[in-house]
Amino acid sequence: MINAGAFRRRLLNWYDGNKRDLPWRESTDFYRVWISEIMLQQTRVEAVIPYFHRFLRRFPSLEALAGAPEADVLTAWSGLGYYSRARNLHKAAKTVVAAGLPASYDEIRALPGIGPYTAAAIASIVFGEAHAAVDGNVVRVVSRLTNGSGEASKEAARLLDTRRPGDFNQAMMELGATVCGPRTPRCEDCPVLALCAGRAAGRERELPVKTAKPAARDVSLDLLILMKKNAVFLIRRDLSEKRLAGFYELPELKHFPEIKTEPAGSFRHRIVNDRFLVRIWRAAARGKSASKGYWLTAEQLTEIPLTTIARKALHSVHNLSGGAALDY
Ligand code: SF4
């Protein structure tokens, strides 16, 4: 069993001297910590940083977020993916503005879109509540530390430093992100090397034992960029859709069998288990070739929630054509 006292000391000393300078670490303000934790779900730190700055500029307070139309929130989130996070954030902001700031783990956990990991991270950082935040990174680190024995979440809770729970949770995440990475743990730089049973057994790369993932599915998508002067034709996903409800996207080519097109490139995109091959086709609109949709200029495209596939397609056409009306 790992010596918990020695582990905490080593980990927190290392964190104090080596933690990355991340914008959400500037304060323990509930709003900032909350936004960062939601953005960091399923998204890398480097990708989150510019969105975090932009989002806070656009919605500098809980009240500003709660009072904004949902479309504005989705637009600010556009490109980060997993849009239910933005919708829940918006709903939760309204709840908090109406009912007051949450003051404990249980009250945070009751907000829309907040699971046990996020609630533990926020409660420990903002309120100093002793809850271990256990996500995939922490499970990996703990599995290696214990050489796969016992339940990782129970061991993480036992190791937690109850005097500095927020720093401890962030230190565990930092260790998983910067030293004990999924493929190549850098054990020689690890502050808890002397306590690591997985490394001592030479099993650090095998742990945690992986469960089989469902097979990936290949999906082909042919999208049409239909232009009229400097506007492009987009359709809007129905508000009843499970995914990306209300987002704007490019129409599929199959809905325009009569139109004369030219190929305009292709790219790959992955959403969970779906591997998309997206082929782009370009055409100039003549007469009434499209009616159930929206003609939007480059400027208007910056003001609407746009799917990531549509965004990539429009950018790749811009790159191919050497820059024109779609440079937004
Ligand atoms: Fe991970 Fe290696 Fe540190 Fe063990 S010694 S926690 S395997 S980086």
Is any side-chain heavy atom of L253 less than 4.5 Å from a side-chain heavy atom of L223? no
For the hydrophobic clusters of this structure (ILVMFWY residues joined by side-chain heavy atoms under 4.5 Å, transitively), does one cluster hold both L207 and I2? no
May I ask you to test the T28-F127 pair for a side-chain heavy-atom distance under 4.5 Å? no
Would you indicate whether the side-chain heavy atoms of L301 and L314 approach each other to under 4.5 Å? yes
Partner residues of E107 under the salt bridge (Lys or Arg N to Asp or Glu O under 4.0 Å) criterion, sequence neighbours left out: none
Which residues share a ring-ring contact (aromatic ring centres under 6.0 Å, His included) with Y105, sequence neighbours left out: H131
List the steps and the verdict of side chain to side chain contact (heavy atoms under 4.5 Å, CB included) for R279 and F267. CA-CA 7 Å; R279 285 181 292 257; F267 62 90; over 6 Å; no
Surrounding CZ of R217 (heavy atoms of other residues, nucleotides or ligands, distance under 6.0 Å), is the total greater than 12? no
When you measure from the side chain of W14 to the backbone of N18, do you find a donor-acceptor pair of N or O atoms at a distance under 3.5 Å? no
Sub-4.5 Å side-chain heavy-atom contact between L175 and Y15: no
May I ask you to decide if E299's main-chain N or O and T302's side chain share a donor-acceptor pair within less than 3.5 Å? yes
Does T261 reach the side chain of F256, with side-chain heavy atoms less than 4.5 Å apart? no
All side-chain contact (heavy atoms from CB on, under 4.5 Å) counterparts of E249, not counting sequence neighbours: I235, R237, T307
Please tell me whether E129 and S104 have a donor and an acceptor in their side chains that are separated by less than 3.5 angstrom. no
Side chain to side chain donor-acceptor pair (under 3.5 Å) with T95: which residues, sequence neighbours excluded? none
Heavy atoms only: give me the nearest R144-C180 pair and the separation to one decimal. NH1-SG, 3.1 Å
Sub-3.5 Å donor-acceptor pair from the side chain of R140 to the main-chain atoms of G176, do we have one? yes
So for atom NZ, which belongs to K19, do other residues, nucleotides or ligands contribute more than 12 heavy atoms lying within a distance under 6.0 Å? yes
Holding to side chain to side chain donor-acceptor pair (under 3.5 Å), I want the full list of residues that pass it with D21, two or more places apart in sequence or in another chain. none
With sequence neighbours excluded, tell me which residues meet ring-ring contact (aromatic ring centres under 6.0 Å, His included) with Y117. none
Counting C-beta onward and ignoring hydrogens, is there a side-chain heavy-atom pair between D161 and R9 closer than 4.5 Å? no
Is it the case that over 12 heavy atoms from other parts of the model lie below 6.0 angstrom from the CZ atom of R163? no
For E63, the salt bridge (Lys or Arg N to Asp or Glu O under 4.0 Å) test, sequence neighbours excluded, returns none
Between N88 and G113, the two heavy atoms sitting closest are ND2-CA, 3.6 Å
For T146, check side chain to side chain donor-acceptor pair (under 3.5 Å) against everything at least two apart and list the hits. none
Value rounded to 0.5 Å, distance of CG in D72 from NE2 in H90: 8.5 Å
Please determine whether a side-chain nitrogen of the Lys or Arg among R158 and E151 lies less than 4.0 Å from a carboxylate oxygen of the Asp or Glu. no
Residue pair Y31 / S61: nearest heavy atoms and the distance that separates them: OH-O, 3.4 Å
Distance check, rounded to the nearest 0.5 Å: R203 atom CZ versus C196 atom SG? 11.0 Å
Partners meeting ring-ring contact (aromatic ring centres under 6.0 Å, His included) with Y51 (sequence neighbours left out): none
Which pairs, with at least one residue in residues 83-103 and sequence neighbours excluded, count as a salt bridge (charged side-chain N to carboxylate O under 4.0 Å, His left out)? E70-R87
R10 side chain to V192 backbone, donor-acceptor under 3.5 Å: no
One should read off an interatomic distance between S124 OG and R164 CZ, to the nearest 0.5 angstrom, of 12.0 Å
Main chain of V73, side chain of T75: is a donor-acceptor contact present, judged purely on distance under 3.5 Å? no
Is a donor on one side and an acceptor on the other found under 3.5 Å between the side chain of D238 and the backbone of E241? no
Side-chain contact test, heavy atoms from C-beta onward, threshold under 4.5 Å: evaluate it for W34 versus I114 and give yes or no. yes
What's the separation between atom CZ in R311 and atom OG in S316, rounded to the nearest 0.5 Å? 13.0 Å
Only residue of D29, I35, I49 satisfying side chain to side chain contact (heavy atoms under 4.5 Å, CB included) with W24 is I49
Restricting to non-hydrogen atoms, name the atom on A156 and the atom on F168 that form the minimum distance, rounded to 0.1 Å. O-CE2, 4.5 Å
Who pairs with Y248 by ring-ring contact (aromatic ring centres under 6.0 Å, His included), at least two apart in sequence or on another chain? Y294
For A216 and R270, which heavy atoms make the closest approach, and how far apart are they? CB-NH2, 3.6 Å
Using the six-membered ring wherever Trp is involved, compare the ring planes of H269 and F276 and label them parallel, tilted or perpendicular (cut-offs 30° and 60°). tilted
Is it true that E204 and R199 have a side-chain N and a carboxylate O under 4.0 angstrom from each other? yes
Given D189 and R186, is the salt bridge (Lys or Arg N to Asp or Glu O under 4.0 Å) satisfied, shown in steps? CA-CA 6 Å; D189 297 326; R186 296 190 295 110; 2.3 Å; yes
Taking R236 for its side chain and G246 for its backbone only, find out whether a donor-acceptor pair lies under 3.5 Å. yes
So does A133 get a backbone contact from the side chain of N169, meaning a donor-acceptor N/O pair under 3.5 Å? yes
In the single-linkage hydrophobic clustering (I, L, V, M, F, W, Y; side-chain heavy atoms under 4.5 Å), do L306 and I280 co-cluster? yes
Euclidean distance, L145 CG relative to M1 CE, rounded to 0.5 Å: 13.5 Å
Pairs involving residues 250-265, ordered by first then second residue, that meet salt bridge (charged side-chain N to carboxylate O under 4.0 Å, His left out) (sequence neighbours left out): E252-K254, E262-R282
Looking at NE2 of H255 and CG of D222, how far apart are the two atoms once the value is rounded to the nearest 0.5 Å? 11.5 Å
Within the structure provided, determine whether T178 and R20 are in side-chain contact (heavy-atom separation under 4.5 Å). yes
Quick check against the 3.5 Å criterion: does E303 have a side-chain atom that pairs as donor or acceptor with the backbone of Q300? no
Just by modelled atom types, is the Q170 backbone N or O under 3.5 Å from a matching donor or acceptor in the D167 side chain? no
Under the criterion salt bridge (Lys or Arg N to Asp or Glu O under 4.0 Å), I'd like the reasoning laid out for D218 against R268: C-alpha separation, chi angles, the key distance, then a yes or no. CA-CA 10 Å; D218 287 313; R268 293 188 181 276; 5.6 Å; no
L224 vs F233, test: side chain to side chain contact (heavy atoms under 4.5 Å, CB included). Steps then yes/no. CA-CA 9 Å; L224 176 64; F233 181 72; over 6 Å; no
